[in-house]
Enquirer: 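Pasting a structure here, questions to come.
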Amino acid sequence: MDLLLTNEWDLMDDGGGGIALTPSFAYSVAQKTANEIKLFKGEGWYDRSQGVSHFQDILGVNPNWGYIRTLLLGCALGIDGVTDATIDLYVNDKRQLGGNIFILTQEGEINVQYIN
């Protein structure tokens, strides 16, 4: 189990004055994957090797969809418990990259995580 985060990526109260934990292994894996994908490489407090090289490889460059997909899938597949992952990418009308990642865990559960 991991700490449960809010939609704003802050710690969540468990209603009894403590810090809430993720409700399941699958939820924990989905949250870890989303965190890894949203983290900019070098920004991790304890491990600067984590995250995606957004500045160098994604933002402000002519998008290479295959390369971006490979970077994001590499993050997902590096999470403990993830056995397989696929990704659907798109650019919305505001030129924001988004998509869905489909994660298969060791327990056989599939989790869908929105990326933006």
Side-chain angles (χ1 to χ4, degrees):
M1 295 288 185
D2 291 301
L3 300 176
L4 183 61
L5 302 177
T6 66
N7 290 338
E8 290 80 31
W9 295 92
D10 199 359
L11 296 176
M12 184 175 274
D13 184 310
D14 67 1
I19 298 174
L21 298 176
T22 54
S24 67
F25 172 76
Y27 193 98
S28 178
V29 169
Q31 183 174 276
K32 286 179 189 177
T33 303
N35 184 55
E36 187 72 16
I37 288 172
K38 290 177 181 243
L39 181 66
F40 281 62
K41 191 151 205 108
E43 286 187 341
W45 186 261
Y46 295 106
D47 184 354
R48 301 219 182 261
S49 69
Q50 290 181 307
V52 177
S53 53
H54 290 284
F55 286 124
Q56 299 86 352
D57 297 322
I58 297 176
L59 299 174
V61 298
N62 189 12
N64 178 334
W65 300 116
Y67 182 64
I68 293 170
R69 183 174 281 105
T70 299
L71 283 174
L72 300 180
L73 285 175
C75 286
L77 293 171
I79 302 297
D80 288 339
V82 174
T83 58
D84 195 19
T86 58
I87 221 169
D88 291 328
L89 296 175
Y90 64 83
V91 176
N92 67 18
D93 58 352
K94 295 180 183 177
R95 297 182 51 195
Q96 296 170 324
L97 177 64
N100 294 297
I101 186 162
F102 304 91
I103 305 163
L104 182 62
T105 69
Q106 293 170 335
E107 296 181 351
E109 299 171 332
I110 297 176
N111 302 289
V112 179
Q113 181 63 49
Y114 177 72
I115 304 166
N116 68 358

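Count residues from 1 along the sequence.
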Enquirer: Side-chain contact test, heavy atoms from C-beta onward, threshold under 4.5 Å: evaluate it for Thr33 versus Cys75 and give yes or no.
Expert: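 Side-chain contact under 4.5 Å: no.
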Enquirer: Write down the atom of Ala76, the atom of Ile101, and the distance for their closest heavy-atom approach.
Expert: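 It is CB-CD1, 3.4 Å.
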Enquirer: Rounded to the nearest 0.5 Å, what separates atom OG in Ser24 from atom CD in Gln31?
Expert: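 Atom-to-atom, Ser24:OG and Gln31:CD are 10.5 Å apart.
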Enquirer: Applying salt bridge (Lys or Arg N to Asp or Glu O under 4.0 Å), can you list everything that pairs with Asp2, at least two apart in sequence or on another chain?
Expert: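 Only Lys32 meet the salt bridge (Lys or Arg N to Asp or Glu O under 4.0 Å) criterion with Asp2.
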Enquirer: How close do Leu4 and Pro23 get, heavy atom to heavy atom, and via which atoms?
Expert: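 Closest heavy-atom pair between Leu4 and Pro23: CD1-CD, 4.3 Å.
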Enquirer: Are Leu89 and Arg69 packed together at the side-chain level, in the sense that at least one heavy-atom pair is separated by less than 4.5 angstrom?
Expert: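 Side-chain contact under 4.5 Å: yes.
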Enquirer: Which donor-acceptor pairs under 3.5 Å do the side chains of residues 79-87 make with protein atoms, sequence neighbours left out?
Expert:
from: Thr83; atom 1: OG1; to: Leu104; atom 2: O; distance (Å): 3.1

Enquirer: Once you round to the nearest 0.5 Å, how far does OH of Tyr67 lie from CG of Leu72?
Expert: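 The OH atom of Tyr67 sits 10.5 Å away from the CG atom of Leu72.
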Enquirer: Quick one: closest heavy-atom pair of Thr6 and Leu11, and the distance?
Expert: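 Here Thr6 and Leu11 meet closest at CG2-O, 3.8 Å.
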Enquirer: Is there any salt bridge (charged side-chain N to carboxylate O under 4.0 Å, His left out) pair reaching into residues 10-22, and which pairs are they, with sequence neighbours excluded?
Expert: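 Residue pairs with at least one partner in residues 10-22: there are none.
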Enquirer: For Leu5 versus Met12, what's the shortest heavy-atom pair and its separation?
Expert: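 Answer, listing the atom of Leu5 first, then Met12: O-CE, 4.3 Å.
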